[in-house]
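Quick notes on the structure that follows.
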Amino acid sequence: MSSEEIKPSNFIRNIIEGDLSSGKHNHVQTRFPPEPNGFLHVGHAKSICINFGFAQDYQGQCNLRFDDTNPAKEEDAYAKAIAEDVKWLGFEWSGEIRHAADYFDKLYDYAEELINKDLAYVDELTANEMREYRGTLTEPGKNSPHRERPTAESLDLFRRMKAGEFEDGAMALRAKIDMASPNMNMRDPVIYRIKRQHHIRTGDKWCIYPTYDFTHCISDALEGITHSLCTLEFEDHRPLYDWVLDNITIECHPQQIEFSRLNLEHTITSKRKLNQLVVENHVDGWDDPRMPTISGMRRRGFTPAAIRDFVKRTGVTKKVHTVEMSLLENCVREDLDKSAPRAMAVLRPLKVTLTNYPEGKVEELSAPNHPNDEAMGKRTLYFDKTLYIDQADFREEANKKYKRLVLGKAVRLRNAYVITCNDVVKDESGNIIELLCTYDENTLGKNPEGYKPKGVIHWVSAEHSKPATIRLYDRLFNVPNPGSAEDFLSTINPDSLEVLKESRVEMSLEQAKPEQGFQFEREGYFCADRLEHTAGNLVFNRTVSLKDSWAKIEAKEGK
Ligand code: ATP
Ligand code: MG
């Protein structure tokens, strides 16, 4: 059974199952509520898998809701990209996409309800004064002088705030809770602020906007959410979530449940910092294959199944932890090992001339697309007098551990013949530019007689191969936790991208479709670039190497 089919028990599943069996709920309704102020990252992938995943597991529904209460940073392009990412990950939201902005009228009415119940008031303290009055974690706050103003006065001022009579920031609507609460979120939080800002959905209709805390709980309740799953930083906001819903006229009261964020070593999961990488051109956009964004991982060649599997393996807990990148990469390898057809690509070509091969002859050899899956079919390889092998696969001298081609020795060419290297040709500076070899015509699918080749290497025909651009990606950050560095930009790995322009790939790769993944034998998993690859301009991105080379490096360095 693949790990995708296992439904691991965890504390959220226990709560949901308890609610279903006690009759508190007869269905599961969740939501994923991104703010459209950037692209989604691997942490959001976790939230998506959890919210949509629980809904799926219990034949429930999950809404996609844009939490668009902060118009200054929000863009339609982000909203589109987010929706596409969710679909690509394999999930379907229930009905139309929702927006917190769809509820602005209702939210406004609920705010008036709180004022009428003397549970909210318009405050005229400046932002600085408000901060002073708020107190600290060890000292209680002080009541604002406006806290006890008559309900009618607050109502009048709030309506005039809405009508645009006051400057931005001149006043704000605050919930009247408890300035001495040990929970700072309960010290009369602001629930509406004046902000003259154009909104991507409501245009210039509003000059006051509700805060996240006021909006989120009401949006959840209006949508009939049963379990409002979010990350741990909202734990201290839960009393406010409950307070708002307890004090307005609304039937539904979702249960907010917090789980720990996903943190991934060697990368960053903060939209603000990812945005900085993009804006300052440290990467080539949000979908740069080195980015931990969903669109970056997609372009890199990670599969939705691998990402879902990864999220599953990280579990659902309240423990704060950082996951190793190798866990994600192993999930990708495992999925691609099953699904990716094999092909041969010579990344750094070295010319090989077979001196005993007839001039002009071309053989068509057949090779399986997958060693363990016959259903994936076969492809044709072209074999002739001039070939390329990888520069790393030849040495003039080598010890026994080197299982590739050595001067005077033999090696098998994958899916083809055994060749022996007899001579090398060098340029004026002593660089090897060509190997003169002979092939053994009796070794196609058979062991040679009387000698043993050292190993198996990959190759392509010089004439019957295609040029390709190959991009090798490495970790974007050199340190495991760049987010905690004083200046995270200083931890960027300067060698995170290497572009090879001289590579040659076998003919069959001309048919590769953008986003299609392959295992280039002995090299790693690669995918045809989603945006730049065409039949006339082959561009492949290395998704992940065959083995975890960092584990080796870290082991060697005694980490
Ligand atoms: P960032 O900190 O990157 O700006 P955010 O939390 O502000 O992220 P939102 O768009 O508000 O971004 O997030 C949508 C949902 O995704 C929220 O419910 C949030 O809890 C969840 N989420 C964000 N980051 C992570 C993470 N690293 N792990 C798990 N869930 C996350
Ligand atoms: Mg957020």
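Both backbone and side-chain heavy atoms feed into the values below; hydrogens, waters and symmetry mates do not. Just so you know, ligand 1 is whichever comes first in the structure, and atom 1 is the first atom listed for that ligand.
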>> Using a strict threshold of under 4.0 Å (side-chain N to carboxylate O), is an ion pair present between Arg298 and Glu515?
In response: yes
> Looking only at non-hydrogen atoms, which of Arg31, Lys273, His44 approaches atom 8 (O) of ligand 1 most closely?
Replying inline: His44
> Relative to ligand 1, is Arg272 under 4.0 angstrom through side chain, backbone, both or neither, heavy atoms considered?
Replying inline: neither
>> Closer than 4.0 Å to some heavy atom of Glu35 - which atoms of ligand 1 meet that?
In response: 9 (P), 10 (O)
> Would you say Arg261 and ligand 1 have an N/O pair spaced under 3.5 Å apart?
Replying inline: yes
>> For ligand 1 and Lys46, I'd like to know whether there is a polar contact (N/O to N/O, distance under 3.5 Å).
In response: no
>> For the 3.5 Å polar cut-off, considering only N or O atoms, please tell me whether Gly43 and ligand 1 meet it.
In response: yes
>> Counting only nitrogen or oxygen atoms and a 3.5 angstrom limit, does Ser260 reach ligand 1?
In response: no
> For Phe104, is the NZ or CZ atom of Lys205 found under 6.0 angstrom from the centre of its six-membered ring and inside 45 degrees of the ring axis?
Replying inline: no
> Would you call Arg147 and Glu124 a salt bridge, using N to O less than 4.0 angstrom?
Replying inline: no
>> Check the orientation of Phe39 and Trp286. Use parallel for under 30°, tilted for 30 to 60°, and perpendicular for over 60°.
In response: parallel
> Short list, please: which atoms of ligand 1 are under 4.0 Å from a heavy atom of Thr231?
Replying inline: 19 (C), 20 (O), 29 (C), 30 (N), 31 (C)
>> Quick check: Leu229 and ligand 1, any N/O pair under 3.5 Å apart?
In response: no
>> Can you classify the ring geometry of Phe32 versus Phe52 as parallel (below 30°), tilted (30 to 60°) or perpendicular (above 60°)?
In response: tilted
> Has ligand 1 got any nitrogen or oxygen that is less than 3.5 angstrom from a nitrogen or oxygen of Ser270?
Replying inline: no
> What's the verdict on side-chain hydrogen bond (donor to acceptor under 3.5 Å, both in side chains) for Asn63 and Glu223, showing C-alpha distance, side-chain angles and the deciding distance?
Replying inline: CA-CA 8 Å; Asn63 295 346; Glu223 291 178 11; 2.8 Å; yes
> Does an N or O from Asn263, backbone or side chain, lie closer than 3.5 Å to an N or O of ligand 1?
Replying inline: no
>> Quick check: Asn37 and ligand 1, any N/O pair under 3.5 Å apart?
In response: no
>> Tell me whether Lys80 is salt-bridged to Asp76, with the criterion being a basic N under 4.0 Å from an acidic carboxylate O.
In response: yes
>> So that I can tick it off, tell me whether Glu92 and Lys87 are bridged by a salt bridge, with the cut-off set at under 4.0 angstrom between side-chain N and carboxylate O.
In response: no
